Amino acid sequence: MKVVETITEMREARRQLTEPVGFVPTMGYFHEGHLSLIRRARADNPSVVVSIFVNPTQFGPHEDFDTYPRDPERDLALLEKERADIVFMPSVAQMYPPGFNSWVEVSKLTERLEGASRPGHFRGVATVVTKLFNIVQPNVAYFGQKDAQQAIVIRKMVADLNMNLEIVILPTVREPDGLATSSRNAYLNAEERQAATVLYRALSLAQKLWAQGEKDAEHIRQEMKALIQKEPLATIDYVSIADPQTLEEQDQIKPPALASLAVKIGKTRLIDNMVLE
Ligand code: AMP
């Protein structure tokens with residue numbers, strides 16, 4: 001396994017790889033969700049590149065860029081075990097040298113949900129993912145359904161800008177009690193960790209109501225909100241049942257519909273989603 005920190009070294013290492021090259025972009029602090037993507041990349045490709053980069057441009061000014069959990073030594077040991085070929089760990093200065101001034105903007109889709117709550121977030125994501133694709137030149141890149149809107153935005157960007165690679169989206173990995181694995185779960189104390197199951201419980205309720213024949217999306221959103229409001233540590237940011245292509249809220253559910261939510265547990269903002277088929 002080669003660990004490279006500069007763009008020049010990454011390009012040089014890329015030239016030695018056998019195609020297809022599978023790529024997993026991450027912000028590190030690995031959990032089973034990351035590992036599921038890396039394992040799939042390993043199973044599908046002769047070459048696997050993983051990047052670890054906490055991207056400052058996707059964090060808002062009052063968000064957790066400085067405190068985002070980091071543990072590169074543990075991450076590298078896990079990558080060694082998963083037999084990654086190359087780990088790309090650039091510095092912020094490598095990715096954003098002084099005078100950096102070009103941005104990738106995906107419109108419409110990014111105005112909703114996470115984009116509405118986190119202005120500029122998807123501009124940062126689209127820009128860094130484009131840069132990483134240009135540097136690593138993968139044949140296929142793997143993303144998690146956990147960040148459903150991110151997956152939708154990246155697919156749209158790749159299609160609109162004719163990027164020459166395949167995008168694979170893999171299912172959300174969960175803890176035994178349903179909580180989606182996330183690096184940010186590390187922020188939760190024991191009481192908050194217990195309360196955090198409310199996201200999965202609300203999504204499961206939506207799934208149950210839908211399975212029982214409820215088609216009124218607003219009714220399901222209200223039931224989800226009522227359930228979350230019973231949890232004293234939880235504050236709702238949004239609860240959505242939307243068209244997975246356009247992210248427009250649905251009135252009558254037309255499957256597949258994307259049920260998604262963002263909830264603060266104490267100071268920690270968590271997101272999750274389920275598709276109503
Ligand atoms: P991050 O390091 O949080 O930027 O995540 C890197 C990749 O892992 C993204 O494509 C995420 O969607 C994906 N991911 C994060 N959490 C999970 C999870 N619980 N299940 C599946 N994929 C995940």
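Worth knowing before you read on, the calculation uses all heavy atoms, side chains too, and leaves out hydrogens, waters and symmetry mates. Just follow the structure's listing: the first ligand is 1, and inside any ligand the first atom is 1. These numbers were taken from a predicted model, which means no experiment stands behind them.
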Just checking, is any N or O donor in the side chain of T57 or Y96 under 3.5 Å from an acceptor N or O on the other one?
yes
Taking all heavy atoms of I135 and all of M95, pick out the closest pair and write down the distance.
CD1-SD, 3.9 Å
Quick one: closest heavy-atom pair of A259 and L203, and the distance?
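Shortest heavy-atom separation between A259 and L203 comes out as O-CD2, 3.5 Å.
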Can you find an N or O of [X] that's nearer than 3.5 Å to an N or O of ligand 1?
{"X": "T181", "result": "yes"}
{"X": "D147", "result": "yes"}
{"X": "G144", "result": "yes"}

Note: K2-D85 ion pair, threshold 4.0 Å (strictly below):
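D85 and K2: not salt-bridged.
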So, are E223 and K208 salt-bridged, with charged N and O less than 4.0 Å apart?
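Here E223 does not pair with K208 in a salt bridge, since their nearest N and O are not under 4.0 Å apart.
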Pair F59 + Y68: ring centers closer than 6.0 Å
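Distance test on ring centres: under 6.0 Å, yes.
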What part of [X], side chain, backbone, both or neither, has a heavy atom within less than 4.0 angstrom of ligand 1?
{"X": "R174", "value": "neither"}
{"X": "A151", "value": "neither"}
{"X": "S183", "value": "neither"}
{"X": "M27", "value": "both"}
{"X": "V24", "value": "neither"}
{"X": "E32", "value": "neither"}

Taking [atom] as the reference point, the nearest protein heavy atom with its distance:
{"atom": "atom 21 (C) of ligand 1", "value": "P171 O, 3.4 Å"}
{"atom": "atom 20 (N) of ligand 1", "value": "V173 N, 2.8 Å"}
{"atom": "atom 23 (C) of ligand 1", "value": "K146 CB, 3.9 Å"}
{"atom": "atom 1 (P) of ligand 1", "value": "H34 NE2, 3.6 Å"}

Any idea how H31 and H34 line up, ring-wise: parallel (<30°), tilted (30 to 60°), or perpendicular (>60°)?
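Taking H34 first and then H31, their aromatic rings sit tilted (interplane angle of 30° to 60°).
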Contact between H31 and ligand 1, counting heavy atoms under 4.0 Å?
yes
Check whether any heavy atom of L37 sits under 4.0 Å from an atom of ligand 1.
yes
Salt bridge (charged side-chain N to carboxylate O under 4.0 Å, His left out) contacts touching residues 65-82 (sequence neighbours left out)
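Qualifying pairs, neighbours excluded: R39-E82.
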More than 12 heavy atoms of other groups within 6.0 Å of Y187 OH:
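Check passes, neighbour count above 12.
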For V48, which fellow cluster members are found when Ile, Leu, Val, Met, Phe, Trp and Tyr are connected by side-chain heavy-atom distances below 4.5 angstrom, either directly or through intermediates?
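Reading the cluster by chain and number, V48 sits alongside M1, V3, V24, F30, L35, L37, I38, V50, I52, L76, L78, L79, V87, M89, V140, Y142, V168, L170.
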K131 charged N/C atom sitting above F53 aromatic ring, 6.0 Å / 45°:
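Not satisfied by the 6.0 Å and 45° rule.
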Can you sort out which atoms of ligand 1 are near [X], meaning under 4.0 Å from one of its heavy atoms?
{"X": "F143", "value": "10 (O)"}
{"X": "P25", "value": "6 (C), 7 (C)"}
{"X": "G33", "value": "17 (C), 18 (C), 20 (N), 21 (C), 22 (N)"}

